[in-house]
Amino acid sequence: MSLNVFLASFIYLILPLPHGFAGTIIDTADYPYWRKLALTSEMYGAMKNSAITIANRGDGETRDVMGANALAYILDPANKSKYIDAIKKKFETRIRTMKIGTGAATSSVPSHELLHALLALDVIRDELDEKDLASYEYDLKDKIFKLVTTRWKPHGIAMRMMWYKYANDAANFAAAKEQYDKDLAIHFFPDGYSPAGNGYVIGRFNHIGRGAKNSVFDLMEYMGYNEYFSNPGLRNLHEFMYGYASAPFGANMFYGDTRGSGIPWAINRSEISTPTIARAARFSEDAYKWAMWKLKEQAGLSQGAATLPGYLLSYVMMAGSASKNTPIEIDLNDAEMAPSRIFDNYAALIGNIQSKDALYLSVLSMTEKVDWHAQYEANSIGLSGYGERILRNSGYDGPDNDVSAEGLTSSWDFIKFNSESGNVLMVDGEKHSSKFGNGITEGIVGTDIEYFRASNKTAIKGEHFRDVVFVQAADGANGYYVVMDHVTADAPGAEINIVWHPNTAIVKTVEDKKHYRSELKVKEGASGPVLYSKNKVSLDTFLGTTPSSVEKKEMVNQMRGRHYRAEYLYNTYPTANQKADILTLLFPGDQDHAIGDMTQIISGAYSGCRITQGSVEDVALTSGGTASGTNETESFQGVNVVYRKLAGELVSYFAKGQSFQSGQDIPTGFQADEPVAVYMKGPMGKISSSGTLATFYYPGISAVLLDGNTVPTVGAGPNWSQIQIPEGNFDVEFITTNR
């Protein structure tokens with residue numbers, strides 16, 4: 001059962017009960033249904049036992065007291081009096097004395113306490129005498145209406161909306177809901193990326209202490225406002241958060257104000273502290289499978305031991321209402337690692353083997369609105385692999401915080417506002433003028449060679465296309481990434497700067513202006529980097545295009561409590577006719593994954609490298625795309641060309657351009673009137689096109705299928721077929737005479 005929806009295994013006939021409420025949020029008609037679940041399901045039974053256990057501990061954190069006693073009141077009615085007394089006591093000792101301020105720690109953070117308190121009061125309100133009820137309502141309303149509504153959205157308006165629902169104030173509830181929906185929507189683009197960055201999306205939407213931000217829409221769905229789980233942007237947000245915000249081994253990718261401490265999935269021994277990750281199935285099957293990966297592979301939970309804390313809010317999330325009868329459970333055996341994916345604002349190229357050690361390179365290029373927590377990182381790169389962060393952007397240690405280590409200080413201004421603190425491209429050393437670029441414009445995934453193009457003409461004085469090609473591990477060779485940067489500067493004579501920040505203290509020079517090696521290890525006497533595995537991970541940065549200079553600079557890499565002094569590469573390249581085309585190879589390795597041999601290729605308008613791994617030989621080249629080039633028996637015209645040979649025979653090729661041909665007697669390749677992105681391995685592949693006439697060359701080719709459909713042939717001959725390719729992305733298959 002991929003989503004483990006209970007419909008098949010749990011059928012509960014609801015008797016015609018009145019649809020009455022003890023309060024106005026939690027429906028008393030659901031009590032029999034929830035009690036039945038606790039008797040028939042091991043998971044829900046464990047949540048009941050957890051609620052009773054937490055309640056019996058006595059005083060504690062507001063969430064524990066209010067959440068556990070409210071659920072125990074419903075599921076264990078024989079002992080309801082002690083649960084009522086515990087809730088009352090917490091109102092009198094915490095809610096009444098709580099100080100709400102105007103800062104994040106005094107407004108946004110304590111709002112989750114008020115949410116759990118409101119639900120608890122809604123459940124027991126009919127058990128209270130008039131005086132106590134009025135007193136608790138006064139205290140609760142007073143605190144809720146002091147919450148800030150102009151910042152840290154939507155916590156303040158979310159709590160006002162829930163208060164209006166509790167108070168049965170329909171007009172004010174409707175107005176608050178309208179504002180709540182707007183405040184919620186600012187946290188995600190339609191594609192699901194959050195403008196606050198990878199760390200903050202997890203903090204806001206998967207943190208147990210942010211219930212007013214990440215769980216109120218669960219309550220809205222429960223109450224019949226069925227527009228949140230089906231919202232495409234909110235669904236995509238949860239798919240991004242569980243599939244892509246962190247590396248396969250668990251740590252966040254550093255974009256925006258991302259703190260680097262630990263793996264962010266809140267686990268307390270075998271308890272899933274954060275219920276939001278457990279209810280990922282409410283959004284999509286992918287979100288669910290990828291959330292299970294977080295719990296199983298990253299947090300190390302096992303199916304038999306994993307439990308959820310017994311809070312009323314968690315129970316509502318998982319069980320839902322009796323009328324819908326769609327309880328969900330978790331099954332860690334459904335865990336899957338997310339595959340490579342192209343978003344509008346973000347791209348992720350991930351190794352195709354289900355492993356925590358999978359390689360993962362991503363690029364961020366936001367297209368519009370930004371959050372205060374975003375940084376100046378248009379077209380910035382992050383890289384993880386083999387269980388470690390390998391290339392990192394600056395991160396964050398809290399607002400206005402400089403960071404110091406080993407006699408060096410990096411200022412808040414440099415970390416937060418200077419693009420040089422990230423893996424970016426700049427023109428003439430000028431920091432980016434904007435936090436956003438122009439998005440991901442193209443991509444091919446699901447193949448042995450994957451690709452995307454990120455665009456930025458907003459943050460720099462010029463236009464930058466950052467093309468990344470991922471050569472997946474295949475044919476007995478290890479995987480690596482090729483970065484091709486294509487820049488047109490606004491001013492003649494401009495210089496291009498490319499910055500690389502390996503997650504380590506020292507960058508070794510293998511060959512000046514060409515080859516650099518970074519071993520991920522803690523320097524003696526230093527505090528970082530924080531390492532997560534026992535793997536001996538390293539990164540070879542190979543400059544296929546020769547720079548005019550390479551400078552090793554230093555900054556302090558932040559990692560809360562583990563700051564460390566680190567070198568980074570600052571490479572400068574000249575422009576010709578205001579243009580530059582630059583190839584950089586990023587090859588990660590560890591004790592089990594040897595780094596290939598790399599040699600530079602400079603041929604006419606093309607520059608790049610040859611990568612040799614045993615009998616596998618790859619060639620990666622870049623240029624401005626206007627001139628034809630040759631390398632041995634291959635000819636091509638394109639901005640990016642990557643092809644593989646095994647024992648001298650062509651295995652596959654990728655080209656972003658107008659032509660590629662390999663071989664002489666019977667060539668393999670293509671020629672197009674307009675540039676396209678093409679990947680082919682034998683007779684199968686993919687193409688991304690803006691619409692063009694194209695000729696494919698392949699032994700015995702007689703027809704071409706796009707997405708499984710035969711395309712009319714415009715022209716044909718021995719071993720070639722010409723077709724009109726429409727605009728779009730297509731799977732390609734050649735029909736051959738020997739098929």
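Taking the centre of each ring, F670 and F660 stay at or above the 6.0 Å mark. A ring-centre distance under 6.0 Å is found for Y606 and F636. Ring-centre distance between F654 and Y679: not below the 6.0 Å cut-off. In this structure, the ring of Y698 has its center less than 6.0 angstrom from the ring center of F734. The distance between the ring centers of Y643 and Y653 does not fall below 6.0 angstrom. When ring centroids are compared, H486 and F465 stay outside the 6.0 Å threshold.
Both tests do not hold together for K686 against F730: distance to the six-membered ring centre under 6.0 Å, angle to the ring axis within 45°.
The aromatic rings of F542 and H515 sit perpendicular to each other, their planes meeting at more than 60°, with 30° as the lower class boundary. The aromatic rings of H187 and F205 sit perpendicular to each other, their planes meeting at more than 60°, with 30° as the lower class boundary. Taking the six-membered ring for Trp and thresholds of 30 and 60 degrees, Y244 and Y360 have ring planes more than 60 degrees apart, a perpendicular arrangement. Below 30°, between 30° and 60°, or above 60°: for Y346 and F240 the angle between ring planes is above 60°, a perpendicular geometry.
Judged as a side-chain hydrogen bond (donor to acceptor under 3.5 Å, both in side chains), the pairs with a partner in residues 425-435 (not counting sequence neighbours) are, in order, E430-K461.
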